[in-house]
*Asks:* 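A single structure is presented below for examination.
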Amino acid sequence: MTALRTHYCGDLRKEHVGQEVTIAGWVNRRRDHGGLIFIDLRDREGIVQAVFNPETSAANHSIANELRNEYVVQVRGRVSLRPQGTDNRNLSTGDVELVAEGVEILNRAKTPPFYINEEIEIEEPLRLKYRYLDLRRERMQRNIILRHRVVKFIRDFLDARGFIEIETPVLIKSTPEGARDYLVPSRIHAGKFYALPQSPQQLKQLLMVAGYDRYFQIARCFRDEDPRADRQPEFTQLDLEMSFVDEDDVLNLTEELFTSLVETIMPQMRVTKPFPRLSYAEVMERYGNDKPDLRFGLELADLSDIFASTEFSVFRSVIGEGGKVKGFAAPDCANYSRSQLAELTEFVRSHGAKGLLTMALEGEPGGALTDLTPDNVRSVVAKFLTAGQIVEITKRLGAKMGDLLLIVADKPKIVDVVLSSLRSEIAQRLGLIDPNLLAFAFVQDYPLFELNDAGQWEPMHHPFTAPRSEDMALLDTDPGKVGARHYDFVCNGSEISSGSIRIHDREVQEKVFQILGYSREETQERFGHLLEALEYGAPPHGGIAPGIDRFVMILAGEENIREVIAFPKTQSAMDLMLNSPSPVSLEQLRELHLKLSED
């Protein structure tokens, strides 16, 4: 295998019994049984037990007595079956052991700042400071190897379907992509800057103009925005573009790729097939956000019309001011205590709501809803409702006797945000989420534009997304009603990617820039290269860009993408291992024609 070993530690099995082998790795654990010394030796592939007998070699036994956790050692010996009753079912190598005939300490190790051989809670700053030690831990190695397998599968899958992998530059022009650019000052061109790509969006479109037809890249992307659990300043995405396609072509390929990937790499997980294709309006109405977790129900319903005709003045005033009333049913929760209801009320307030209305449907579980009256509804609102209104509310929320109705009244955006979060919270509390299910879906039919707080049009996705052909005339008359040929790809409550069919006509692209408020001069300065390329025979094209980090995080069952990135930044965008970002010398600044402000 190599000069220092013949086998990985984790590869030894019964079929190797009797063979003389050499292994090398880290001491995972040392046990001294009075005479025999047992060393668990660990490498990337697993752990195997080596036995040192003083009667076989006093010198080797003496060296084994020196060994401590994380020492790097080489052991030579003969593979043997473990004595009857001493096998270890928790190890893939648990049937065998290595009877040591030679040992060499390749490197000693200081005592690590945390246990590497135990899966215990460690403060993240300590883990990131000593990331090279953290990455030795079994869980982290499993995650990083899983990531490798995912990327390799993607490359092989796309290669077999005629895609060409092409690298695009990391130093590019600063253009608006929806977040702040990371800027790189030029030494050669004083006062000018490169930008790190937020995505290769325009470059992959230019590759379609260049005739490559099917392009992909495992692309590094950079966005100067506040990190979150599923976001990093630098991240990796599968960037993919195709010529002469429509939405179905892109979505069908994406579904085939991800279905095949999961079935091959994570066969223990189940995938919902076929992937549902839902409209933006539909998911907002039913789930309160455009990246719904479809592993459980708890669907929302609008109750505004019902409460508008009641005597409950609190909700009527909200509706009169343009707000809405929505809710959902928490199954079998009518017996929630006062303290539990107070917890839920505090939860919705922490997410922006003024309060939470609860209605407990007390009665025989499974009883007929037609038996409901204000008398068997425990709620402050019951006295304001007729029996018919109560039955209509329960029907609309799909409730049954014994359920707890959770209702919020506020501005439409607040209602959706709050109930979406509450829906996930209740699903967690009730154990409704299957950790082995991947519920993929596509969300379509987005508007092309949305108004920002200043009343200006912004792209819902990005400015290169094509409008629906039937809405072209509305670009001049009513941009807010223009639909986009845009689609999102979601899984288990996370957005895996966005994509779209792109604009391939210069006039349409210029019209979109005009609606977004760019002057002719700005358009030419920022996008002149793309506009010119569209005049040289640009084919219809479209693509998608799934996030590698976020998807591997879901596959690995992690809650933070830092757990599947080898060297991530902290929540405050710091690299604690390298102590970066860090100051640079005045000489370096001078070379770049920069001077730091003293403000």
Side-chain angles (χ1 to χ4, degrees), residues 175-179 198-209 239-254 277-285 290-291 442-452 454-490 495 497-520 522-524 526-545:
T175 59
E177 292 273 357
Q198 295 186 32
S199 76
Q201 177 60 48
Q202 295 179 58
L203 296 168
K204 64 185 175 185
Q205 291 189 243
L206 294 173
L207 286 170
M208 296 302 100
V209 178
D239 205 49
L240 182 152
E241 198 79 3
M242 308 161 66
S243 292
F244 304 106
V245 293
D246 62 14
E247 290 89 333
D248 284 344
D249 295 311
V250 179
L251 301 189
N252 290 341
L253 177 88
T254 303
R277 300 187 182 187
L278 308 170
S279 73
Y280 172 70
E282 179 183 5
V283 295
M284 292 302 296
E285 183 67 21
D290 61 351
K291 49 181 187 295
F442 295 112
V443 180
Q444 301 175 272
D445 301 327
Y446 284 82
L448 188 64
F449 304 107
E450 59 182 344
L451 285 172
N452 61 21
Q456 298 172 325
W457 291 115
E458 290 184 343
M460 192 78 168
H461 180 37
H462 59 50
F464 316 109
T465 298
R468 289 189 307 202
S469 56
E470 61 268 30
D471 294 340
M472 286 294 186
L474 295 173
L475 289 171
D476 291 311
T477 59
D478 195 349
K481 291 185 179 179
V482 177
R485 300 185 69 181
H486 164 65
Y487 33 82
D488 275 3
F489 181 39
V490 302
E495 179 192 312
S497 69
S498 290
S500 67
I501 301 301
R502 324 301 187 186
I503 298 170
H504 68 281
D505 180 275
R506 175 168 182 151
E507 288 187 12
V508 176
Q509 186 65 80
E510 286 184 315
K511 172 62 69 174
V512 168
F513 288 145
Q514 179 185 340
I515 292 170
L516 296 175
Y518 293 113
S519 67
R520 185 177 296 274
E522 282 181 298
T523 298
Q524 184 59 37
R526 295 187 176 195
F527 307 106
H529 54 280
L530 177 64
L531 293 173
E532 186 174 10
L534 296 181
E535 294 184 298
Y536 285 94
H541 58 282
I544 197 166

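Residue numbers count from 1 along this sequence. Side chains included, hydrogens not; waters and symmetry mates left out as well; all remaining heavy atoms used.
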*Asks:* For the atom pair CG (Leu448) and CD (Glu458), what is the distance rounded to the nearest 0.5 Å?
*Replies:*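 If I round to the nearest 0.5 Å, the distance is 12.5 Å.
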*Asks:* Just verifying a value: how many Å separate Met208 CE and Phe244 CZ, rounded to the nearest 0.5 Å?
*Replies:*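 The distance works out to 10.0 Å.
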*Asks:* Closest approach of Ala466 and Ile503, non-hydrogen atoms and distance?
*Replies:*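 In terms of heavy atoms, the two residues are closest at CA-CG1, 3.5 Å.
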*Asks:* Compare all side-chain heavy atoms of Lys291 with those of Asp488 and state whether any distance is below 4.5 angstrom.
*Replies:*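 No, their side chains stay 4.5 Å or more apart.
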*Asks:* Nearest heavy-atom pair of Val245 and Gly542: which atoms, and what distance?
*Replies:*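 Distance-wise, the nearest heavy atoms are CG2-N, 3.8 Å.
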*Asks:* In terms of the angle between their ring planes, are Phe527 and Phe513 parallel, tilted or perpendicular, with boundaries placed at 30° and 60°?
*Replies:*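 Because their plane-to-plane angle is under 30°, the rings of Phe527 and Phe513 count as parallel.
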*Asks:* Which pair of non-hydrogen atoms, one from Ser497 and one from Ala545, has the smallest distance, and what is that distance?
*Replies:*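 Between these two residues, the closest heavy atoms are CB-O, 3.1 Å.
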*Asks:* Where do Ala533 and Val209 come nearest, in terms of heavy atoms and distance?
*Replies:*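 Minimum heavy-atom contact is O-CG1, 3.6 Å.
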*Asks:* In plain terms, say whether Asp476 and Lys511 are close enough for a salt bridge, that is, a side-chain N and a carboxylate O under 4.0 Å apart.
*Replies:*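 Salt bridge flag = yes for Lys511 with Asp476.
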*Asks:* Only one of His461, Glu247, Gln444 forms a side-chain hydrogen bond (donor to acceptor under 3.5 Å, both in side chains) with Arg485, so which one is it?
*Replies:*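 Among the candidates, only Glu247 passes.
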*Asks:* What I'd like to find out is whether the side chain of Arg468 reaches to under 4.5 Å of the side chain of Asp445, using heavy atoms alone.
*Replies:*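 Yes. Closest side-chain heavy atoms under 4.5 Å.
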*Asks:* With a 4.5 Å cut-off on side-chain heavy atoms, are Glu241 and Leu207 touching?
*Replies:*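 Contact flag for Leu207/Glu241 side chains = no.
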*Asks:* Tell me, please, which residues at least two apart from Tyr446 pass ring-ring contact (aromatic ring centres under 6.0 Å, His included).
*Replies:*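 Scan of Tyr446 (ring-ring contact (aromatic ring centres under 6.0 Å, His included), adjacent residues dropped) gives Tyr280, His486.
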*Asks:* Do Asn252 side-chain atoms and Asp248 backbone N/O form a donor-acceptor pair below 3.5 Å?
*Replies:*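 Checked: pair present.
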*Asks:* Between Asp471 and Gly483, is there a donor-acceptor pair closer than 3.5 Å when you use the side chain of the first and the backbone of the second?
*Replies:*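 Pair found, side chain donor or acceptor close to backbone of Gly483.
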*Asks:* To the nearest 0.5 Å, what is the distance between CG on Leu531 and CD on Glu507?
*Replies:*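 The CG atom of Leu531 sits 11.5 Å away from the CD atom of Glu507.
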*Asks:* Given Leu253 and Leu240, is the side-chain contact (heavy atoms from CB on, under 4.5 Å) satisfied, shown in steps?
*Replies:* CA-CA 11 Å; Leu253 177 88; Leu240 182 152; 3.8 Å; yes
*Asks:* Less than 4.5 Å apart, side chain to side chain, heavy atoms only: is that true for Met284 and Asp290?
*Replies:*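 Yes. Closest side-chain heavy atoms under 4.5 Å.
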*Asks:* Walk me through it: do Phe449 and Leu475 pass the test side-chain contact (heavy atoms from CB on, under 4.5 Å)?
*Replies:* CA-CA 10 Å; Phe449 304 107; Leu475 289 171; 3.9 Å; yes
*Asks:* Using every non-hydrogen atom in the two residues, find where Thr477 and Pro479 come nearest and quote the distance to one decimal.
*Replies:*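 What the structure gives for the nearest pair is C-CD, 4.0 Å.
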*Asks:* After noting the C-alpha distance and the side-chain angles of Gln201 and Gln205, does the key distance pass the side-chain hydrogen bond (donor to acceptor under 3.5 Å, both in side chains) rule?
*Replies:* CA-CA 7 Å; Gln201 177 60 48; Gln205 291 189 243; 2.9 Å; yes
*Asks:* Measuring from Leu451:CG to Trp457:CH2, what's the distance to the nearest 0.5 Å?
*Replies:*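 Interatomic distance, Leu451 CG to Trp457 CH2, rounded to 0.5 Å: 4.0 Å.
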*Asks:* Closest heavy-atom contact between His504 and Ala538?
*Replies:*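 In this case the closest contact between His504 and Ala538 is CD2-O, 3.6 Å.
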*Asks:* Between OH of Tyr487 and CD1 of Ile501, what distance do you get to the nearest 0.5 Å?
*Replies:*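 It is 4.0 Å, given to the nearest 0.5 Å.
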*Asks:* Roughly how far, to the nearest 0.5 Å, is CD of Glu510 from CD of Gln524?
*Replies:*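 The CD atom of Gln524 sits 8.0 Å away from the CD atom of Glu510.
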*Asks:* Just do the side-chain contact (heavy atoms from CB on, under 4.5 Å) check on Leu206 and Leu530 with the steps written out, would you?
*Replies:* CA-CA 7 Å; Leu206 294 173; Leu530 177 64; 4.1 Å; yes
*Asks:* Go through Thr523 and Gln514 one step at a time and tell me if the side-chain contact (heavy atoms from CB on, under 4.5 Å) criterion holds.
*Replies:* CA-CA 8 Å; Thr523 298; Gln514 179 185 340; over 6 Å; no
*Asks:* Could you check whether any side-chain N or O of Gln509 sits under 3.5 Å from a backbone N or O of Pro463, counting only pairs where one atom can act as donor and the other as acceptor?
*Replies:*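 Present.
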*Asks:* Answer yes or no: is there a donor N or O on one side and an acceptor on the other, between the side chain of Asp246 and the main chain of Asp249, under 3.5 Å?
*Replies:*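 Side chain of Asp246 to backbone of Asp249: a pair is present.
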*Asks:* Could you check if a side-chain atom of Ser500 sits within less than 4.5 angstrom of a side-chain atom of His462, using non-hydrogen atoms only?
*Replies:*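 Contact flag for Ser500/His462 side chains = yes.
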